[in-house]
> 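My questions all concern the structure below.
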Amino acid sequence: MNKRFLAAGASVAAAAMVLTACTPPGGGDEEDSSKDTAVNIGWNESFRSMNTLTANGNATSNAILTYMMNDNFGYYDDKLEVQEGALGKVEKVSDNPLKVKYTFNDDAKWSDGTPVDAADLALTWAGTSANFNTVEANNNDDGTVKKNDAKTVYFDSSTAGSALVKKFPEISDDGKEITLEYSKPYADWQTEFGTGADGVGVPAHIVAKKALGVDDAEKGKDAILKAIKDKDTKKLSKISNTWNTGFDFTSMPKDKDLLVHNGPYKMTKFEEGQYVTLELDDKYTGPVKPKIKTVTVRYNGDPMAMIQAIENGEVDMTQPQATADVLSAAEKIDGVNVDAADGATYEHVDFTFDNKGPFDPAANGGDEEKAKKVRQAFLKALPREDIVEKIIKPLNDKAVTRDSYSQVPGSPMYDAITKVNGVADAADGDVAAAKKLLKEAGVSKPTVRVMYDNTNSRRQQEFQLIKESAEKAGFKIKDVGDVNWGTRLGDGTYDVSLFGWQSEGTGVTENDANFRTGAQNNYGGYSSKKMNKILDKLLVSKEDQQQDLLIDMEKQLTEDAFGAPIFQFPELTIYRDSVKNVKSTSVSPTMFWNYWEWEVN
């Protein structure tokens with residue numbers, strides 16, 4: 001998985017992991033430093049799930065809150081280095097086979113007093129590996145996950161690294177140590193489990209209570225472990241149902257079990273679509289010592305409304321959709337800081353390959369080459385330079401098109417990869433060349449349905465520029481924009497999607513979820529045996545092999561006319577002078593990464 005909807009993630013620089021040992025976040029702060037302090041934060045999308053590992057829960061709007069409500073084994077700082085988290089330590093104990101041991105701190109406890117331990121991480125492994133699924137997918141037509149019947153096990157998630165752990169893990173008698181053995185070397189082992197907002201996942205004892213009816217916490221954890229070890233389909237069916245949707249809610253739940261957490265903050269209020277309030281939990285036993293007692297996240301999708309809220313003092317911090325108007329308005333407010341930078345999110349277009357639409361071979365007499373030429377024609381007409389010039393440069397006069405599927409402009413491998421990957425030539429806004437390709441394909445005026453967030457002003461502008469250029473090239477463009485675009489991804493009701501990916505980290509294996517056949521973020525149904533083989537090699541790659549493999553991967557994506565990157569999002573972090581130590585990082589959870597350092601005058 002490893003990418004989040006920004007409103008979705010893209011690989012930032014594919015650097016080697018640096019695990020930096022340090023004092024866990026917030027350790028050593030004064031006990032009364034958070035007395036009666038509060039901060040209000042503006043965000044564009046509402047919370048909807050405590051389980052950030054599912055397809056539905058994998059959103060930045062969830063991650064920014066679960067990150068404050070749950071501890072982890074590691075997190076990314078603003079230099080993209082992995083720092084040691086508050087749950088314990090991660091260590092490689094064997095190279096051949098690769099074995100990784102997680103040791104939980106003695107003070108790691110869920111908010112109901114139950115220890116955080118191996119059962120929680122084992123459940124996360126089972127839920128994200130797809131190794132226990134009895135079907136490849138179990139979704140409704142609209143993309144939502146179905147309820148599994150008694151003979152079906154389907155966890156609505158998958159990650160490449162987790163899938164490589166085939167054996168039931170070694171667990172110490174006290175449950176404080178769990179060792180996972182990989183079936184082959186894995187490049188990103190340090191951050192596969194327990195990192196950032198995902199933490200160790202949802203509490204296993206609560207899943208056991210809801211799914212199996214076991215009220216006793218320890219017996220519940222044992223029941224979860226036994227079901228996984230025995231591959232008990234009947235019980236795993238119930239467990240996967242609870243794991244998939246049991247922690248989803250859009251207002252304050254009556255069932256307090258859904259709010260069980262292991263970090264310093266607890267959720268105390270949630271008004272649907274309006275705001276969520278977190279408060280420091282006096283039962284928290286870990287080392288993180290935030291300085292703010294109450295954090296309220298207020299929701300509004302209109303970036304100018306957020307600027308007005310900053311000016312009125314209703315909001316102290318925000319990262320709204322960056323536009324020239326937003327930047328100009330924010331810079332005019334006294335007592336407000338505006339930090340501008342490139343974010344980790346990048347805009348891109350993806351094609352749908354399997355919906356019998358214009359880019360699907362099935363709609364072109366089964367002719368793969370014909371369908372590919374239609375895709376190539378659309379890409380040729382894509383006005384990427386025009387989009388950057390008119391929409392992004394007013395915010396960042398040094399902005400350029402992003403010409404890599406896996407690297408941000410300026411990252412160490414970017415120049416070498418973009419020099420040979422073919423993206424710039426394949427998507428250069430050449431209408432005449434696009435017309436020629438359509439003619440060669442023997443296709444006249446194909447209708448293309450474009451899906452995007454039609455309430456987002458930047459996307460509205462992008463869509464218009466794309467529509468004008470594509471129609472000049474001979475396409476007929478149909479606007480199927482939708483405010484609920486995220487829930488429609490993969491449902492086949494569109495031919496082109498336009499949205500952004502935000503990264504959770506820097507690992508090279510992030511690409512797997514996007515481009516492998518049947519992978520979780522591969523919403524367009526793209527399938528290539530050559531690509532799968534390249535991704536297989538990336539999974540086990542060493543640092544000195546990764547650039548060449550990424551070049552192979554990107555060349556293949558261009559050859560297959562997968563889609564195209566467009567630009568790196570400009571990011572604006574806007575905050576009042578009264579809030580100190582606000583810094584953003586270019587991976588999820590952005591400006592929330594160091595919440596324990598925030599101070600309010």
Side-chain angles (χ1 to χ4, degrees), residues 1-3 9-21 73-77 79-84 89-102 125 128-129 158-167 169 179-196 344 404-408 410-421 503-517 519 521 528-557 586-587:
M1 194 163 57
N2 295 333
K3 292 189 192 262
S11 286
V12 294
M17 295 293 96
V18 181
L19 186 63
T20 308
F73 279 98
Y75 64 93
Y76 284 92
D77 65 13
K79 297 180 178 63
L80 294 182
E81 293 181 342
V82 180
Q83 301 289 344
E84 187 176 298
K89 65 178 181 179
V90 184
E91 56 187 323
K92 181 167 66 173
V93 293
S94 170
D95 278 310
N96 189 19
L98 173 61
K99 289 186 177 183
V100 182
K101 182 168 75 171
Y102 295 79
W125 159 62
T128 58
S129 70
S158 65
T159 65
S162 185
L164 294 177
V165 178
K166 306 294 186 183
K167 296 180 180 178
T179 302
L180 302 167
E181 179 180 322
Y182 289 79
S183 57
K184 59 178 70 174
Y186 179 59
D188 295 328
W189 62 266
Q190 287 173 309
T191 54
E192 179 61 21
F193 296 100
T195 303
S404 170
Y405 297 95
S406 67
Q407 306 295 298
V408 295
S411 63
M413 291 188 250
Y414 183 82
D415 289 343
I417 289 174
T418 57
K419 187 176 181 179
V420 295
N421 68 359
S503 183
E504 289 182 63
T506 60
V508 295
T509 58
E510 284 202 342
N511 300 289
D512 206 275
N514 299 336
F515 309 129
R516 184 180 292 279
T517 301
N521 295 341
S528 165
K529 291 181 180 178
K530 291 180 180 178
M531 176 57 64
N532 293 342
K533 288 180 181 178
I534 295 168
L535 295 172
D536 286 342
K537 292 176 182 177
L538 265 174
L539 288 182
V540 301
S541 62
K542 295 179 180 178
E543 189 176 351
D544 60 359
Q545 302 169 321
Q546 289 169 358
Q547 179 171 295
D548 288 341
L549 286 170
L550 288 170
I551 286 173
D552 290 345
M553 182 191 80
E554 298 212 9
K555 281 183 173 180
Q556 190 64 50
L557 290 169
S586 56
V587 295

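Owing to the predicted nature of the structure, the values given are computational and were not obtained by experimental measurement. Below, all heavy atoms of this structure are taken into account, side chains as well, without hydrogens, waters or symmetry copies. Here, residue 1 is the first one in the sequence, and each next residue gets the next number.
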> For a 4.5 angstrom cut-off between non-hydrogen side-chain atoms, does Leu180 reach Trp189?
no
> Are the side chains of Thr191 and Tyr76 in contact, using a 4.5 Å heavy-atom criterion?
yes
> Would you find more than 12 non-hydrogen atoms of other residues, nucleotides or ligands less than 6.0 Å from Lys166 atom NZ?
yes
> Nearest 0.5 Å, please: how far is NZ in Lys419 from OH in Tyr414?
14.5 Å
> State, yes or no, whether a side-chain contact exists between Arg516 and Leu539 at a heavy-atom distance under 4.5 Å.
yes
> Calculate, to the nearest 0.5 Å, the distance between atoms OH and CG belonging to Tyr405 and Asn514 respectively.
12.0 Å
> Nearest heavy-atom pair of Ser541 and Leu549: which atoms, and what distance?
CB-CD1, 3.7 Å
> What is the distance from atom CZ of Phe515 to atom CG of Asn532, rounded to the nearest 0.5 Å?
12.0 Å
> Please report the interatomic distance CD(Gln556) to CE(Met553), rounded to the nearest 0.5 Å.
11.0 Å
> Kindly indicate whether the side chain of Asn511, heavy atoms from C-beta on, has any atom under 4.5 Å from the side chain of Leu550.
yes
> Is there side-chain contact between Lys555 and Ile551, with at least one heavy-atom pair below 4.5 Å?
yes
> List the atom of Tyr186, the atom of Leu164, and the distance in Å for their closest heavy-atom pair.
CD1-CD1, 3.8 Å
> Carefully, step by step, assess Tyr182 and Glu192 under the rule side chain to side chain contact (heavy atoms under 4.5 Å, CB included).
CA-CA 11 Å; Tyr182 289 79; Glu192 179 61 21; 3.6 Å; yes
> Does any non-hydrogen side-chain atom of Thr128 lie less than 4.5 Å from one of Phe193?
yes
> May I ask you to decide whether Lys530 forms a salt bridge with Asp552, counting only side-chain N to carboxylate O separations under 4.0 Å?
no
> List the steps and the verdict of side chain to side chain contact (heavy atoms under 4.5 Å, CB included) for Val90 and Gln190.
CA-CA 7 Å; Val90 184; Gln190 287 173 309; 5.8 Å; no
> Could you give the distance from CG (Leu557) to CD1 (Ile534), rounded to the nearest 0.5 Å?
8.0 Å
> Between Asp188 and Gly161, is there a donor-acceptor pair closer than 3.5 Å when you use the side chain of the first and the backbone of the second?
no
> Return the CE to CD distance between Met531 and Glu554, rounded to the nearest 0.5 Å.
9.0 Å
> Using atom types as modelled and distance alone, determine if a side-chain donor or acceptor of Ser129 lies under 3.5 Å from a backbone N or O of Ser162.
no
> Which atom pair, heavy atoms only, marks the closest approach of Gln407 to Ser404?
N-OG, 2.9 Å
> Does some side-chain heavy atom of Thr159 sit less than 4.5 Å from a side-chain heavy atom of Asp512?
no
> Does some side-chain heavy atom of Pro185 sit less than 4.5 Å from a side-chain heavy atom of Leu98?
no
